[in-house]
K.L.:
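Quick one: structure below, then a few questions.
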Amino acid sequence: MKMELETILDQRYEMGLNPHLAKAIGLQKALMLVHLHSLIEAYGVERDGSDWICQTYEQLQRQMPFWSRGTVKRTILNLEKDGCLVSWNYNKWKMNKTKWYSIRYELAIDMCDDTDRTSHYL
């Protein structure tokens, strides 16, 4: 059974995130992905068929003060490397290097499905 977007990023979980997502990609990346999802839901801008949010590492660190700027940057870069997060520069001036982020929901859902399937055999 394929999980739905609402299921993997459901805010009703007592921990604030889906445990299957945390198991699939790691707790740190899951927390960041859920946070970015909430930002996109509240402030996202549609570009090229996807919803995007523009944030600096410093802004994200202030929103998640339990992490250092370095931890925020590493977590974002790891999500990009995994393919769950896409970044682009939609800024008017190219010298502005602030990244715009969009979540690849289908990949996150597939990762949760794979983890959910294998957990039945443990």
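Note that the structure is predicted; figures quoted are calculated from it, not measured.
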K.L.:
Look at the side-chain heavy atoms of Ile, Leu, Val, Met, Phe, Trp and Tyr, link any pair under 4.5 Å apart, and say whether M64 and I76 land in one connected group.
P.N.:
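M64 and I76: one cluster.
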K.L.:
Looking at every non-hydrogen atom in both residues, tell me the closest pair between T98 and C54 and how far apart they are.
P.N.:
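It is CG2-SG, 3.3 Å.
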K.L.:
In Å, rounded to the nearest 0.5 Å, how long is the span from CG of L33 to OG of S38?
P.N.:
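Going from CG on L33 over to OG on S38, the span is 10.0 Å.
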K.L.:
To the nearest 0.5 Å, what is the distance between CH2 (W52) and CD1 (I40)?
P.N.:
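One gets 9.0 Å once the value is rounded to the nearest 0.5 Å.
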K.L.:
Would you say L60 and Q63 make side-chain contact, with heavy atoms under 4.5 Å?
P.N.:
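Yes - at least one pair of side-chain heavy atoms lies under 4.5 Å apart.
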K.L.:
T75 side chain to K29 main-chain N or O, any donor-acceptor pair under 3.5 Å?
P.N.:
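No: the side chain of T75 does not pair with the backbone of K29.
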K.L.:
Is there a side-chain contact between M32 and V72 in this structure, where contact means two heavy atoms from C-beta onward sitting under 4.5 Å apart?
P.N.:
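Answer yes - side chains close enough.
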K.L.:
Please find the pair of heavy atoms, one from A30 and one from L21, that lie closest to each other, and give the distance.
P.N.:
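Reported closest heavy-atom pair: CB-CG, 4.0 Å.
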K.L.:
Using the rule that two of Ile, Leu, Val, Met, Phe, Trp, Tyr join whenever any of their side-chain heavy atoms come within less than 4.5 Å, decide whether L39 and V86 are in one cluster.
P.N.:
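Different clusters: L39 never reaches V86 through Ile, Leu, Val, Met, Phe, Trp or Tyr contacts under 4.5 Å.
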K.L.:
About how many Å separate NZ of K81 and CZ of R74, when rounded to the nearest 0.5 Å?
P.N.:
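R74 CZ to K81 NZ: 13.0 Å, rounded to 0.5 Å.
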K.L.:
Linking I/L/V/M/F/W/Y whenever their side-chain heavy atoms sit closer than 4.5 Å, directly or via other members, would W93 and W100 fall into one cluster?
P.N.:
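No, it is not one cluster - the side chains of W93 and W100 are not joined through contacts under 4.5 Å.
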K.L.:
To the nearest 0.5 Å, how far apart are OG in S50 and OH in Y105?
P.N.:
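One finds 9.5 Å between OG of S50 and OH of Y105.
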K.L.:
Quick one: are L85 and I103 in side-chain contact, heavy atoms under 4.5 Å?
P.N.:
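Of all side-chain heavy-atom pairs linking I103 with L85, at least one is under 4.5 Å.
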K.L.:
I'd like to know if the side chain of E80 reaches the main chain of G83, judged simply by a donor and an acceptor atom lying under 3.5 Å from each other, with no hydrogens or angles considered.
P.N.:
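It does not hold such a pair.
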K.L.:
Are any of the side-chain heavy atoms of E58 and Q61 separated by less than 4.5 Å?
P.N.:
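No; the side chains remain at least 4.5 Å from each other.
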K.L.:
Might you confirm whether atom OH of Y43 has over 12 heavy atoms from other residues, nucleotides or ligands at distances under 6.0 Å?
P.N.:
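No, OH of Y43 has 12 or fewer neighbouring heavy atoms, counting only those of other groups under 6.0 Å.
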K.L.:
What pair of heavy atoms forms the shortest contact from R69 to Y57, and how long is it?
P.N.:
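Heavy atoms of R69 and Y57 come nearest at NH2-CD1, 3.6 Å.
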K.L.:
I need the minimum non-hydrogen distance between T71 and Q28, along with the two atoms involved.
P.N.:
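Looks like CG2-NE2, 3.5 Å.
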K.L.:
Side-chain heavy atoms under 4.5 angstrom apart, residues restricted to Ile, Leu, Val, Met, Phe, Trp, Tyr: same cluster for L77 and L36?
P.N.:
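Result: yes, single cluster for both.
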K.L.:
Side-chain contact, heavy-atom cut-off 4.5 Å: D48 with Y90?
P.N.:
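In contact.
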K.L.:
If I take atom CG from residue L79 and atom CD1 from residue I25, how far apart are they, to the nearest 0.5 angstrom?
P.N.:
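Spacing of CG (L79) from CD1 (I25) equals 5.5 Å.
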